[in-house]
Amino acid sequence: MDVIPNEEEQMVKNLAREFLEAECPPSLARNMEKDEKGYPPELWQKMAGLGWLGMSLPEQYGGQSLPLTYLGLIIEEVGRTIAPVPLLSTVVPSLTIAQDGTSEQRQQLLPRISRGDLIMTWAMQEQDPRLLPETVHLEARAQGDGYLLSGTKMFVDNFVVAEKCLVAARTAPASEQSQGISLFLVDTGSPGISATALTTLAKDKQSKVTFDQVSVPASNLIGELDQGWPVVQRMLDLATALICAQMVGATRKDAEMAIEYAKNRVAFGRPIGAFQSIQHMCADMILWVDGGQLLTYEALWRMDQGLPASVEVSQAKAFCNDKCVAAVRTSQIIHGGMGFMMEFDLHLWYRRVTAWSLRLGTTFEHRAKVSRALLDQPGKVRLGMTMAAVP
Amino acid sequence: MNFAYTPEQESLREEVRQFIADNITPEMLQEMEESGIRRRGPQVDELYKKVSQKGWIGMSWPKEYGGQDGSRIDQYIVEEEFARVGVTVGGAGSGAPAILAAGTEEQKKYFLPGLIKGEIIFALGFTEPQAGADLAGLQCRAVRDGDEYVINGQKMFTTAAHYGTHIYLMARTDPDAPRHRGISIFLVPIDTEGITVRPLWTIQNEPTAPLGTTYGERRTNEVFFENVRIPASCLLGEENMGWYVGAMGLNLDRVGASRYLISVKRDEDIVNWIKENDLDGYSPAEDPAVRDRLAELWIEAQVCRLMTMRSMSLVEHGGNFTYEGAAEKVWAPEHGVRTTETIAQILGPYAQLLNGSEDAIEDGIYAHNLMGAFQSGINHGSAQVMRDQVARRGLGMPRG
Ligand SMILES: Cc1cc2nc3c(=O)[nH]c(=O)nc-3n(C[C@H](O)[C@H](O)[C@H](O)COP(=O)(O)OP(=O)(O)OC[C@H]3O[C@@H](n4cnc5c(N)ncnc54)[C@H](O)[C@@H]3O)c2cc1C
């Protein structure tokens with residue numbers, strides 16, 4: 001038991017911070033909000049060069065086989081600098097393919113991802129905003145040596161720049177044997193696909209994507225037919241843990257900006273940071289971020305160790321949703337009117353953290369998962385014990 | 001980072017649990033609850049003797065003073081298991097770490113083994129009528145007179161004074177120095193002439209709170225010092241350096257199992273209770289509002305656990321806290337209050353019923369917690385003062 005990052009972990013984090021602070025000033029995030037692609041390709045190539053895209057991919061596919069916690073630490077720093085890159089949307093499918101893909105799929109995709117040649121994304125959510133198997137209606141019908149996909153996916157991250165997308169589709173009704181869901185690898189340029197850009201709080205690139213009889217070869221199935229739900233669930237858990245890291249990184253920076261501001265801004269003849277009510281707001285912000293960070297690290301560490309982590313992931317996301325948003329709002333309050341001004345940078349963080357709190361599971365959904373684990377299985381609970389997730 | 005215990009630590013935990021199952025009987029718990037004073041009696045004294053023979057008290061202290069040179073995490077595990085059954089072990093308070101850091105060889109050899117065996121018990125003599133949260137305002141005077149000090153003044157809320165053997169006392173030795181630089185610490189035998197102990201009864205008296213209640217103390221004390229003469233060898237650390245010795249000890253005593261677990265055990269207790277019980281057919285476990293709130297609290301409890309683990313990790317690294325101990329001391333007590341008040345709303349009018357009442361749930365612990373939980377956010381560094389510490393020491397914010 002030692003919850004403090006060790007020397008090597010700290011080094012990974014420091015190097016990431018150095019690089020990102022040099023490469024990603026707030027003006028970059030600001031400019032990319034208006035950019036067609038939403039990310040600078042040169043920066044993406046540099047990240048590939050640093051080995052970040054294949055950080056936790058197997059070495060045989062051009063990766064570095066490093067622990068998931070390292071990837072989490074890097075994404076935390078990406079969040080800190082709100083670096084505008086399709087990192088989450090690419091690394092999550094890459095790790096899903098590494099775990100559940102065939103060796104052919106891995107061979108074809110993973111080296112390209114590690115090199116920075118292939119941007120990816122995933123599409124799971126539909127009109128129902130919850131992340132449950134019964135919300136997946138997009139249908140994949142067997143035809144010839146493949147499938148025809150029809151339906152609509154919402155909130156697909158970076159679809160505009162992704163070359164390939166993992167799509168969760170319904171291949172059978174839910175039954176005793178399975179949830180009837182399968183996961184497909186789909187070329188985003190396939191005939192029959194049309195995407196509409198959504199205008200979002202974070203001014204990021206999300207799309208509503210319609211599939212009209214989109215043909216996908218059988219070899220693009222990831223995992224077993226109809227048995228895709230556990231794969232999707234693992235993918236969502238991973239994505240959720242990583243977005244928590246991103247939220248924690250961004251929120252800590254946002255809080256630090258408020259603390260700095262409070263030390264300098266003078267009102268009633270003294271720095272506002274000398275007022276106890278402001279000090280306590282600052283203390284709370286840091287304790288909230290610390291809490292979110294500890295929960296996130298524990299979830300990532302468990303995943304990396306191959307331990308059940310679904311409940312821990314939900315704990316982290318429910319807490320981050322609540323407390324990171326409270327922290328960035330508090331930071332806004334400490335900044336007075338200035339934080340509300342377009343020219344001031346603070347809103348860049350505020351809008352992202354609040355937007356991320358709405359993705360990959362709301363507070364209610366994640367708490368529901370925790371309460372199912374707590375209350376819907378026999379036996380006494382004990383804080384610190386491993387709890388199985390209850391579907 | 002590593003969020004698991006070692007296999008050796010897991011087996012230590014098993015051993016402690018087995019020991020508890022074998023040795024702590026319902027009759028013994030009854031004795032603890034009823035004795036009130038000291039929470040001890042013949043059976044309990046026997047238990048503590050066995051626990052200290054096991055080497056489970058002061059585990060992280062050096063062997064030469066009766067400890068095991070063990071890790072702080074091991075000690076935490078022992079404390080956690082006992083705290084779960086409502087029993088405090090190793091609760092030497094902030095005195096022991098201060099003696100370890102600042103004591104003379106003679107003091108270490110005398111006090112530490114005595115604390116382990118339970119032969120020495122400190123009463124914490126810090127608070128005064130005019131100095132609580134603002135401890136550095138204390139006025140109790142100690143004046144050097146040859147080989148002795150003469151003490152005059154009053155202490156408040158000196159909880160263990162009616163059963164302790166010594167007072168771990170903070171007193172002013174230089175009234176002309178800046179507030180923090182004129183304070184010293186003394187280890188004063190309680191039976192010294194001129195010391196008077198008077199009881200102060202708390203709202204947990206009549207009926208007595210069940211074991212495991214947050215701030216279930218039924219009695220604390222005020223202590224008067226009238227020309228109390230003690231040998232100069234009672235001084236701990238250097239004269240006028242007492243503030244720093246005491247603060248370090250307090251910091252270390254803020255973290256760990258007893259303070260945090262008492263705040264989060266509520267969460268486990270209510271979840272386990274509503275899984276097995278209903279209220280005339282109403283099952284809170286199936287109530288969506290209750291489920292959401294309990295999950296929220298459970299997650300907060302995990303944060304308390306992890307903050308405690310962070311403190312333990314920092315102690316293991318030999319590091320000093322900047323604000324992490326204060327962080328834990330803000331979170332756990334405030335969380336305990338939120339849980340306590342939520343439980344009360346889940347149980348409704350049943351949460352009024354005190355120990356011994358007809359129809360009281362779990363010996364009325366939920367009602368007694370309602371009387372005590374908030375107190376843990378005041379004692380030993382109030383939540384306000386702790387937030388000041390986070391802001392000023394942790395974040396470098398200016399003084400008002
Ligand atoms: C059951 C019990 C057992 C105790 N046992 C012991 C013991 O064994 N030994 C011992 O020495 N003491 C003991 N205490 C005393 C305890 O530590 C004090 O009650 C505590 O330090 C607060 O001091 P006070 O009661 O004088 O409150 P005050 O210091 O008067 O504080 C009142 C309120 O003002 C707030 N406040 C104070 N300063 C500030 C500030 N700067 N900014 C914002 N808010 C502020 C406090 O947080 C608190 O909420 C015990 C108390 C109780 C109730």
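Each chain gets a letter, A, B and so on, in the order the sequences are listed, and its residues count up from 1. Atom set for the values below is all heavy atoms of this structure, side chains included, hydrogens, waters and symmetry mates excluded.
- Residue-level contacts of residues 269-277 of chain A with chain B, in order of numbering, are A:Arg270, A:Pro271, A:Gly273, A:Ala274, A:Gln276; threshold 4.5 Å between heavy atoms.
- Heavy atoms of B:Glu296 lying under 4.5 Å from chain A belong to its backbone as well as its side chain.
- The most heavy-atom pairs under 4.5 Å with chain A, out of B:Ala391, B:Pro398, B:Pro288, come from B:Pro398.
- Within the 3.5 Å criterion, the main-chain N or O of A:Val381 finds a donor-acceptor partner in the side chain of B:Asn272.
- With a 4.5 Å cut-off on non-hydrogen atoms, A:Glu298 touches chain B through its backbone and its side chain both.
- For chain B, the option among A:Thr363, A:Asp322, A:Asp284, A:Asn6 with the highest count of heavy-atom pairs below 4.5 Å is A:Asp284.
- Around atom OH of B:Tyr350, no more than 12 heavy atoms belonging to other residues, nucleotides or ligands sit under 6.0 Å away.
- To the nearest 0.5 angstrom, B:Met386 atom CE is 10.0 Å from A:His280 atom NE2.
- Formation of a donor-acceptor pair under 3.5 Å by the B:Lys275 side chain with backbone atoms of A:Gln377 is found in this model.
- Taking CG of A:Leu287 as the start and CE of B:Met307 as the end, the distance is 5.0 Å to the nearest 0.5 Å.
- Contacts from residues 252-261 of chain A to chain B, taken as heavy-atom pairs separated by less than 4.5 Å, involve A:Ile259 in sequence order.
- Between the CD atom of B:Glu316 and the CE atom of A:Met1 there is a distance of 11.5 Å, given to the nearest 0.5 Å.
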Contacts under 3.5 angstrom, residues 299-307 of chain A side chains, donor-acceptor by atom type, not counting sequence neighbours:
from: A:Trp301; atom 1: NE1; to: B:Met1; atom 2: O; distance (Å): 3.3
from: A:Arg302; atom 1: NE; to: A:Pro308; atom 2: O; distance (Å): 2.8
from: A:Arg302; atom 1: NH2; to: A:Pro308; atom 2: O; distance (Å): 3.0
from: A:Arg302; atom 1: NH2; to: A:Thr386; atom 2: OG1; distance (Å): 3.2
from: A:Asp304; atom 1: OD1; to: A:Leu68; atom 2: N; distance (Å): 3.0

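- A salt bridge is absent between B:Glu268 and A:Arg382; no separation between the charged side-chain nitrogens and carboxylate oxygens falls under 4.0 Å.
- For B:Gln384, the parts lying near chain A are the backbone and the side chain together; criterion is any non-hydrogen pair under 4.5 Å.
- Listed by first and then second residue, the ring pair (Phe, Tyr, Trp, His ring centres under 6.0 Å) pairs that reach into residues 297-323 of chain B come to none, sequence neighbours excluded.
- When heavy atoms are compared at a cutoff of 4.5 Å, B:Leu261 does not approach chain A at all.
- For B:Val330, the part lying near chain A is the side chain, with the backbone staying farther off; criterion is any non-hydrogen pair under 4.5 Å.
- Most heavy-atom pairs under 4.5 Å with chain A: of the set B:Gly394, B:Ala383, B:Ala301, B:Ala326, this distinction falls to B:Ala301.
- When the shell of 6.0 Å around CD of A:Glu21 is examined, it contains more than 12 heavy atoms from other residues, nucleotides or ligands.
- In this structure, the portion of A:Lys323 lying under 4.5 Å from any heavy atom of chain B is its side chain and not its backbone.
- One finds the CG atom of A:Leu295 at 10.5 Å from the CD atom of B:Glu300 (value rounded to the nearest 0.5 Å).
- At a 4.5 Å heavy-atom cutoff, the contact between B:Arg399 and chain A is made by backbone atoms alone.
- Both the backbone and the side chain of B:Leu306 come within less than 4.5 Å of a heavy atom in chain A.
- Taking CG of A:Leu374 as the reference point, atom CD1 of B:Ile270 lies at 12.0 Å (rounded to 0.5 Å).
- Residues B:Ala285 and A:Leu375 come closest through the heavy atom pair O-CD1, 3.9 Å.
- For A:Leu294, the parts lying under 4.5 angstrom from a heavy atom of chain B are both the backbone and the side chain.
- When the shell of 6.0 Å around CZ of A:Arg265 is examined, it contains 12 or fewer heavy atoms from other residues, nucleotides or ligands.
- The shortest heavy-atom contact between A:Ala262 and B:Met397 is CB-CE, 3.8 Å.
- The closest donor-acceptor contact from the side chain of B:Ser313 to the backbone of A:Ile4 lies at 3.5 Å or more, if one exists at all.
- Heavy atoms of B:Glu328 lying under 4.5 Å from chain A are absent altogether.
- Sparse packing is recorded around CZ of A:Phe364, with 12 or fewer heavy atoms of other residues, nucleotides or ligands lying under 6.0 Å away.
- The shortest heavy-atom contact between B:Val303 and A:Gly291 is CG1-CA, 3.8 Å.
- Between chain A and the options B:Asp267, B:Leu294, B:Asp292, B:Val390, heavy-atom pairs under 4.5 Å are most frequent for B:Asp292.
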(request) Go through the steps to decide whether B:Leu395 and A:Lys263 satisfy the test side chain to side chain contact (heavy atoms under 4.5 Å, CB included), and finish with yes or no. (result) CA-CA 10 Å; B:Leu395 309 177; A:Lys263 288 178 187 171; 5.6 Å; no
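- Residues A:Ala318 and B:Ile299 approach most closely at CB-CD1, 3.6 Å, considering heavy atoms.
- Contacts of A:Met387 with chain B are made by side-chain atoms alone, with heavy-atom separations under 4.5 Å and no backbone atom involved.
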(request) For the pair B:Met309 and A:Asp2, evaluate side chain to side chain contact (heavy atoms under 4.5 Å, CB included) and give the outcome as yes or no after the intermediate values. (result) CA-CA 7 Å; B:Met309 290 302 114; A:Asp2 184 357; over 6 Å; no
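- Separating the OH atom in B:Tyr260 from the CG atom in A:Leu383 is a distance of 4.5 Å, to the nearest 0.5 Å.
- Nearest heavy atom pair, residue A:Val3 against residue B:Arg310, reads CG2-CA, 3.4 Å.
- The environment of B:Tyr282 atom OH is dense: over 12 non-hydrogen atoms of other residues, nucleotides or ligands sit within 6.0 angstrom.
- Of the two parts of B:Arg293, neither the backbone nor the side chain holds a non-hydrogen atom closer than 4.5 Å to a non-hydrogen atom of chain A.
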